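This report concerns only the one structure given below.
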Amino acid sequence: MTRFVKQCYFALSSLAKSRSYSLTVCITLSLALGTLTFAVTLNYSLLFAPVSQKNYEQLTVFTHSLKDEHQISDGHGSTLVGTEHTYQQRHDKLSDVFSNVTIIAQRKEAVKQDNTYFNRLVISYTTSEYFDMLEPPMHLGAYLSAQDIENKRPVAVISYTLWRDVLGLDNKVIGKTLMINEQAIRIIGVMASHFVEPYIFNARSDVWMPWTFHNYSQYDANNWFVPKSEIVTLALRHIHVSQFNSQTILSKLLNSAYQAELKSSGYSEQYTEFGAIATSLRSREIDSSKTFALLLLLVFSGLLIMACSNIYSLFLVRVKQKQHSFAIQAALGARRSYLFRITFIESFILLLIASLGGLLICAWLIELFKVIANDYIARSDELNLGALSWLFSFVMGLILSWVFAYASYSGLQYQTLVMRLYQSSRSSAQSSSHKQFVFSNTVQITLATLIVCAALYALLISYRTVIQPFGFDDTGLHIMSVSAINTENSIKYNEAIVNQVIPLVEQLDNVAWVQPVYSSPANNTMSIVLEDIQRNPISLFPVNYVTGDYFSLLGLDVLSGKVFSKRHIEQNDAVIVVSQSAADLICNGCNVVGTRVYWQQDTQYEIIGVVQDSFLPGNGSFNREQGYDIYLPYQAWQRNILVKFNETKANMRCALTRGLPNAYIDYLLPVSQIYDAQISTDKQLIVVTLLFSIVSLLLAFLGVYGVISFYFANRRRIVAVKLALGMRGANLIKTELKRQLKPLFIALSIAQAIVLVVWFVILNQSNGDDLAVAMFSSVVLMLVVCLCAMYLPLKRIVAEPPSDIFRTL
Amino acid sequence: MQTEHLIALENVNKTFSGGSVEVQALRAIDLTINDGDFISITGPSGAGKSSLLAILGLLDTVTSGKVIFCGQDTQLMSFDQRADLRNCKIGYVFQSFNLIDELNVYDNVALPLQVSHRPQKPKKIDERVKYCLSLVELGHLAQQKPHQLSGGQQQRVAIARALVNEPNILLVDEPTGNLDSQNGERIMSIFEQLNRNGHTICMVTHDLRYAKRATKHIYIADGVLYLNPDYAQI
């Protein structure tokens with residue numbers, strides 16, 4: 001034990017003397033191990049971690065849809081009638097399939113307490129079975145009971161977050177009331193902070209209320225053809241019933257109950273039957289994020305491999321430097337196992353530090369991820385630096401330390417090690433070393449250049465996505481949505497609100513202009529497929545409904561034709577205005593004004609004008625980053641208002657609330673904020689890309705530096721002899737640099753050729769502007785790094801007296 | 001009854017290959033070394049002196065022939081067995097000392113005991129290192145690093161290191177080659193004292209003044225070994 005401690009002490013002191021080496025290894029491996037540990041933790045947490053919820057694997061989410069003769073569904077969502085029918089049959093025809101069934105509908109509602117409106121809260125309307133099945137831990141009070149549901153008692157259970165953030169951790173909250181949809185609802189319970197809510201609708205509930213309070217209309221309750229995406233059935237399958245069987249049985253039940261209704265409807269030719277779609281709760285929660293998590297795992301595994309290949313070069317340099325010391329110890333009788341042990345101890349210390357550093361990075365990434373992804377990815381709040389992360393990090397550290405120690409020790413060649421102590425001829429070794437160098441350096445620089453080029457390209461694209469400016473001045477530009485408090489959602493009522501709000505807002509001080517629109521210019525939420533006159537699809541375009549003034553107010557120039565007139569709006573004419581990029585896509589190089597296109601139905605639309613691109617990046621599937629926008633005449637059913645004002649948001653809210661006491665302002669948000677929210681998914685990818693690019697660049701540079709340093713560690717003797725023979729330091733550096741430039745230029749040329757072949761031949765891309773920038777930058781960067789990697793070790797060797805170099809050889 | 005030699009070389013040949021060129025360093029060498037011998041090996045540069053010493057010290061292997069150490073054929077031994085023999089029974093003093101710069105004098109001397117397959121107790125190591133340092137009169141420099149010492153002092157550290165494992169034989173390569181006459185004389189006195197105390201010493205040197213002070217003399221030229229040469233002729 002004492003000997004082991006002493007060996008550890010020697011290894012530590014030796015590493016402390018080689019600070020730059022130790023730091024490089026620790027930082028690189030910390031980064032690589034930390035990111036990979038994060039990816040493993042994320043994957044485990046999402047895909048494999050046991051869930052505290054009781055019977056999690058049997059919990060199944062059901063939706064219903066109509067199917068055609070090819071069993072193709074019309075989409076997803078549940079009808080109110082089918083959901084309630086399923087729920088009613090839970091103790092009867094479905095008792096052999098499910099041990100319990102509940103319904104959940106989730107909607108945003110306006111909630112008021114003490115005459116103060118909260119921002120709209122997420123309300124889950126459900127039954128008492130929800131609580132029976134999930135058995136959520138309660139912080140205060142009790143669950144909703146079957147009597148609460150049956151008797152339509154105005155009671156609610158609230159989330160811990162609502163209790164903490166909005167109700168100020170009030171311990172006497174039980175019995176107090178909230179005004180939800182103008183109705184006083186008594187709080188009877190507060191969920192515990194550690195309750196993990198099933199993440200079914202991509203939003204976390206603030207309030208749970210009895211199902212009987214849902215305010216769907218009677219029309220919804222009787223109509224099989226109005227699916228609601230916010231309603232699902234959550235059922236607890238019997239353990240012996242498979243998910244597929246439960247789906248089949250439920251489909252049969254629904255068909256037997258409603259087939260006659262379908263046949264008598266006008267849809268019988270189009271649809272032949274009802275179908276239930278079963279999804280396990282686990283799949284429902286994680287399917288959307290599974291690809292992302294696995295991709296992350298793949299990327300970070302690749303990074304670790306790159307890091308390891310680079311660190312291996314550094315270990316070789318290290319062993320080369322310690323070869324003399326090893327040879328002496330071998331001559332004094334040290335066995336191979338002893339030499340391996342001391343190599344391993346040093347490697348283990350480095351990897352232990354790297355593992356701890358990696359855990360710190362992992363912990364930071366977890367916190368960052370929770371902030372970024374909490375609202376988008378299910379169970380992200382369960383992510384933590386648990387035993388698995390620690391275990392993985394240390395096991396990887398142990399394995400890697402063994403691999404590095406073994407690989408570098410193998411290069412020692414124990415058999416010939418001691419002979420070096422008395423043999424003087426090394427010429428053959430040097431000549432093979434140069435050949436090895438030319439090969440390994442060419443390969444390493446080629447790979448590194450490819451990685452740098454890819455990383456720079458990814459960075460460039462990410463940068464463009466985030467930074468690409470608006471094509472208009474967004475200063476003070478806000479989007480707001482107004483609706484009535486009682487959420488009856490009457491079109492006429494909302495229309496009236498809009499008509500009241502616009503004149504009111506126009507009268508306010510500091511308001512430049514007000515426009516009714518369908519979407520914010522930063523977030524076109526609707527897209528349509530345009531077809532040419534032969535009904536061939538052209539592309540999917542994001543669409544906005546606007547007035548003619550919209551373009552001039554935003555400063556988007558009319559490039560040809562005209563924009564919507566009042567007559568177009570009033571008569572709801574079939575006319576379209578398109579952006580320049582969209583026009584190019586529809587008819588490249590020709591004037592599209594007057595061109596007729598189809599949109600879904602049989603109505604022909606005429607393109608009447610082309611306007612400047614708004615150059616809005618965004619969701620790639622909508623082609624937003626290319627500026628492909630189309631505009632349709634504003635229609636009265638939209639209730640978003642675009643307003644430009646030079647006033648604080650709070651003041652504007654106050655003015656609106658005073659002027660419109662019966663209206664609820666859903667949101668009043670800066671366009672830039674909407675845009676930020678819109679690209680939040682892109683931002684996640686950009687964070688990953690950025691991290692990947694930075695680590696890749698670092699690893700690529702480190703790899704090149706390692707190989708070149710290794711070469712110079714081998715050439716120390718030759719350099720020392722030249723110096724001893726009187727060669728000047730500057731001349732020596734110049735000569736050595738010239739010697740190394742050849743493999744550098746070969747490698748850079750090979751890398752560029754590979755990039756061009758991959759881009760133009762394999763990927764068949766035609767536009768290479770960004771690629772050219774990335775290629776040029778990667779060449780410049782690699783030249784700088786390689787020259788530094790050559791110059792710095794040479795400068796250090798030249799600064800040493802030759803006698804010192806000879807002594808350490 | 002046959003006497004067991006400490007080391008016996010039987011028809012040993014050693015050839016170095018460098019590409020297409022082959023150099024025969026040792027040719028059909030027969031040599032026996034017994035306990036208590038003080039042998040000097042002399043010869044011109046490139047004659048094969050250091051190669052012979054490396055073979056005696058089990059640092060190198062022979063191309064053909066046998067190397068018998070304490071009755072055991074070392075050619076049949078594994079790397080580890082040879083390492084153990086070097087560690088326990090041989091003390092080797094290199095021409096260029098080969099001290100480890102990162103370690104201080106004390107740790108350099110203690111190294112053979114620390115790298116041993118069967119490590120001794122720290123207290124025993126400490127006693128042994130201090131004793132060996134006192135033998136070469138360097139106890140006061142135990143905490144110094146090798147580069148802080150003179151050539152003579154470094155040579156004495158190397159001797160202390162060679163003695164620390166109480167070897168059966170001390171193999172010394174050009175012990176005075178890098179030293180002035182005063183230091184050379186001092187080192188030779190140490191060897192003579194060690195030999196009087198029963199240590200077996202085999203010393204490579206090209207300084208005939210020191211070679212003559214050994215009790216058994218070997219001359220090598222072109223890889224061929226001559227016993228008890230006429231130094232006057234040389």
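Proteins get letters first, then strands, A, B, ... in listed order; numbering begins at 1 in each. Quantities reported herein were computed from a predicted structural model and do not represent experimental measurements.
- Neither the backbone nor the side chain of B/L85 comes within less than 4.5 Å of any heavy atom of chain A.
- Both the backbone and the side chain of B/Q114 come within less than 4.5 Å of a heavy atom of chain A.
- Partners of A/V319 by side chain to side chain contact (heavy atoms under 4.5 Å, CB included), not counting sequence neighbours, listed by chain and number: A/S408, A/L412.
- Every residue meeting the side chain to side chain contact (heavy atoms under 4.5 Å, CB included) condition with B/S150, not counting sequence neighbours, appears here in chain and number order: B/Q153.
- A/R335 contributes no side-chain N or O that, together with a main-chain N or O of B/D84, makes up a donor-acceptor pair within less than 3.5 Å.
- Nearest heavy-atom pair across B/A83 and A/A334 is CB-O, 3.9 Å.
- Atoms CD1 and CD1, from B/I100 and A/I328 in turn, are 4.5 Å apart once rounded to the nearest 0.5 Å.
- Within a 6.0 Å radius of CZ in A/F394, other residues, nucleotides and ligands contribute more than 12 heavy atoms.
- Across B/N87, B/L103, B/D107, B/N165, the residue that shares the most heavy-atom pairs under 4.5 angstrom with chain A is B/N87.
- For NZ of B/K145, the number of neighbouring non-hydrogen atoms (other residues, nucleotides, ligands) closer than 6.0 Å is greater than 12.
- By the neighbour-count criterion of 12 heavy atoms within 6.0 Å, atom CG of B/D222 is sparsely surrounded, having that number or fewer from other residues, nucleotides or ligands.
- Annotation: the span from B/N98 atom CG to A/S325 atom OG amounts to 10.5 Å, rounded to 0.5 Å.
- For the options B/R82, B/K121, B/R161, B/Q81, heavy-atom pairs under 4.5 Å to chain A are most numerous at B/R161.
- Atom CD1 of B/I90 is separated from atom CG of A/L332 by 11.0 Å, given to the nearest 0.5 angstrom.
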